[in-house]
There are 2 protein chains.
Amino acid sequence: MDNDTRHIFFSFFNEIGILAQLSRAAMEARLPKGLTLPHFSVINHLIRVRDGQTPLTLAKAFQVPKTTMTHTLNGLLDHGFVEMRPNPEDGRSKTVWLTDPGRRFREDAIRSIDPEIADLQKAIPAERVAALLPALAEIRVFMDAYRD
Amino acid sequence: MDNDTRHIFFSFFNEIGILAQLSRAAMEARLPKGLTLPHFSVINHLIRVRDGQTPLTLAKAFQVPKTTMTHTLNGLLDHGFVEMRPNPEDGRSKTVWLTDPGRRFREDAIRSIDPEIADLQKAIPAERVAALLPALAEIRVFMDAYRD
DNA sequence: ACTATATAGTTCGATATCGTACCAATAAGG
DNA sequence: CCTTATTGGTACGATATCGAACTATATAGT
């Protein structure tokens with residue numbers, strides 16, 4: 001393979017990795033101690049998509065092993081941000097539901113991160129970020145499918 | 001803040017996070033057991049930029065805490081992929097140098113990941129990925145500077 | 001129905017990551 | 001010089017992540 005071509009892809013994934021670290025650090029600096037980006041992301045996902053999903057569905061949505069999702073959900077349970085109910089359609093499974101404190105946690109987190117997003121938006125307009133999304137999603141879909 | 005605007009940025013960072021996980025998993029599946037993406041990335045960086053850099057310089061380049069870089073470098077030392085020499089310009093500091101096994105490790109890793117990159121390139125041409133780099137770098141630079 | 005296989009979730013152990021505290025060497029200010 | 005503050009690196013403890021093995025339930029094939 002061409003050195004330049006390889007370097008483009010390596011640079012891309014390097015930027016991705018650094019951005020992931022930076023965004024995670026930025027988010028967690030604004031969250032109450034003991035809560036991490038995955039905690040927020042799961043709550044946010046339950047709001048945006050809908051609650052009542054199974055742990056495995058959530059693990060797939062975030063591309064993490066199911067053991068990791070178990071751990072994240074346990075943290076949310078400890079804080080009372082979600083509750084588990086049996087899955088009426090499958091006795092092995094559970095469903096995850098938001099609680100009122102969980103919704104408040106999301107609202108507080110969003111309120112405290114909003115100013116930073118506003119600052120970022122001044123430097124990089126939302127339209128420019130939106131323009132990146134299709135390509136990123138395309139790469140993500142390809143890589144996800146490629147794993148098998 | 002506008003819900004749609006916020007959602008654009010959240011979606012962006014969500015894609016970033018998932019891509020980081022997928023790329024890391026893909027890379028580590030091809031590396032010898034016990035070696036991680038940061039191990040490879042540091043070696044690759046020492047080749048691309050140049051060796052003889054200090055641990056702190058490397059930590060800043062990858063945006064990780066210096067304790068994390070210490071840990072990563074210890075792993076590379078254990079494998080004999082790098083060696084440390086005192087920094088002649090600063091008695092507190094060290095410099096990191098590649099060894100021949102370290103260079104071989106990089107070559108082997110690249111050889112084994114190249115086919116996957118080639119497949120990815122069929123789906124997403126290198127030019128399209130290259131087109132994303134400036135915006136990603138811009139966002140990364142902004143977020144890096146913003147931390148203070 | 002019965003056995004074999006697959007799937008959802010947890011437990012457990014290994015390790016990567018990171019913050020705090022610490023040590024040693026440098027730099028800065030008198 | 002001498003004190004104080006800063007900086008490069010490490011040690012240590014806490015926790016996030018993840019693979020392997022396990023349990024319980026569901027599905028498939030006969």
Side-chain angles (χ1 to χ4, degrees), chain A residues 17-18 20-42 52-79 82-96 147-148, chain B residues 17-18 20-42 52-79 82-96 147-148:
Chain A
I18 292 177
Q21 276 170 324
L22 288 170
S23 66
R24 175 171 200 141
M27 188 74 200
E28 292 184 356
R30 301 281 170 162
L31 294 180
K33 185 170 174 93
L35 291 164
T36 63
L37 178 61
H39 289 130
F40 171 80
S41 299
V42 167
Q53 303 188 53
T54 70
L56 192 58
T57 302
L58 292 169
K60 284 178 181 157
F62 288 97
Q63 304 288 4
V64 296
K66 55 187 182 174
T67 56
T68 301
M69 187 51 64
T70 296
H71 185 260
T72 302
L73 290 173
N74 278 335
L76 292 173
L77 283 168
D78 289 346
H79 284 84
V82 298
E83 59 184 30
M84 298 284 209
R85 301 180 204 155
N87 185 346
E89 298 171 3
D90 189 332
R92 296 165 298 181
S93 180
K94 299 178 175 178
T95 56
V96 185
R147 289 192 297 176
D148 328 320
Chain B
I18 291 177
Q21 276 171 324
L22 288 171
S23 65
R24 177 172 199 138
M27 188 74 200
E28 292 183 357
R30 300 283 169 162
L31 293 180
K33 181 164 178 101
L35 290 164
T36 62
L37 178 60
H39 290 132
F40 171 79
S41 299
V42 167
Q53 303 188 52
T54 70
L56 193 56
T57 302
L58 292 169
K60 283 178 181 156
F62 288 97
Q63 304 287 5
V64 296
K66 54 186 182 174
T67 57
T68 301
M69 187 51 63
T70 296
H71 186 262
T72 302
L73 290 173
N74 278 334
L76 292 174
L77 283 169
D78 288 347
H79 283 84
V82 298
E83 59 184 30
M84 298 286 208
R85 301 181 203 156
N87 185 346
E89 299 172 2
D90 189 333
R92 295 165 298 184
S93 181
K94 298 178 175 178
T95 56
V96 184
R147 288 192 297 175
D148 329 317

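Throughout, protein chains are lettered first and strands after them, A, B, ... in sequence-line order, and every chain is numbered starting at 1.
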Task: Nucleotide D:dG19, atom P - distance to NE2 of A:His71 in whole Å - done: 15 Å
The criterion is side chain to side chain donor-acceptor pair (under 3.5 Å); which residues satisfy it with [X], sequence neighbours excluded?
{"X": "B:Thr70", "answer": "none"}
{"X": "B:Thr67", "answer": "none"}
{"X": "A:Ser93", "answer": "A:Asn87"}
{"X": "B:Ser41", "answer": "none"}

Distances under 3.5 Å between nitrogen or oxygen atoms of protein and nucleotides 6-14 of chain D:
from: D:dT7; atom 1: O4'; to: B:Arg92; atom 2: NH1; distance (Å): 3.4
from: D:dT7; atom 1: O2; to: B:Arg92; atom 2: NH1; distance (Å): 2.7
from: D:dG8; atom 1: O3'; to: B:Ser93; atom 2: OG; distance (Å): 3.1
from: D:dG9; atom 1: OP1; to: B:Ser93; atom 2: OG; distance (Å): 2.9
from: D:dG9; atom 1: OP1; to: B:Lys94; atom 2: N; distance (Å): 3.0
from: D:dG9; atom 1: OP1; to: B:Lys94; atom 2: O; distance (Å): 3.4
from: D:dG9; atom 1: OP2; to: B:Leu56; atom 2: N; distance (Å): 2.7
from: D:dG9; atom 1: N7; to: B:Lys66; atom 2: NZ; distance (Å): 2.6
from: D:dG9; atom 1: O6; to: B:Lys66; atom 2: NZ; distance (Å): 3.1
from: D:dT10; atom 1: OP1; to: B:Lys94; atom 2: NZ; distance (Å): 2.7
from: D:dT10; atom 1: OP2; to: B:Thr70; atom 2: OG1; distance (Å): 3.0

Open item on the list: I need the minimum non-hydrogen distance between B:Leu73 and B:Val82, along with the two atoms involved.
Closed with: O-CG2, 4.4 Å
Task: Set of side chain to side chain contact (heavy atoms under 4.5 Å, CB included) partners for A:Leu56, sequence neighbours left out - done: A:Thr54, A:Lys60, A:Lys66
Open item on the list: Once side chain to side chain contact (heavy atoms under 4.5 Å, CB included) is applied, do any residues pair with A:Glu83, and if so which ones, sequence neighbours excluded?
Closed with: A:Arg85, A:Trp97, A:Thr99
Open item on the list: Between the opening five pairs and the closing five pairs of the helix from C:dA1-D:dT30 to C:dG30-D:dC1, how far apart are the helix axes, to 10°?
Closed with: 30°
Task: Contact nearer the 5' end of DNA chain C, comparing A:Gln21 with B:Glu89 - done: A:Gln21
TODO: Classify the side-chain pair B:Thr68/B:His71 by whether it contains a donor and acceptor separated by less than 3.5 Å.
DONE: no
Open item on the list: Strictly by salt bridge (charged side-chain N to carboxylate O under 4.0 Å, His left out), give each pair with a member in residues 29-39 of chain A just once, sequence neighbours left out.
Closed with: A:Arg30-A:Glu116
Task: Heavy-atom contact window of chain B on DNA chain C, given 5' to 3' at under 4.0 Å - done: C:dA16 to C:dT26
Open item on the list: Is any side-chain heavy atom of A:Leu35 closer than 4.5 Å to one of A:His79?
Closed with: yes
Open item on the list: On DNA chain D, does the nearest nucleotide to A:Gly91 precede the nearest nucleotide to A:Thr68 from the 5' side, or the other way round? Give the residue.
Closed with: A:Thr68
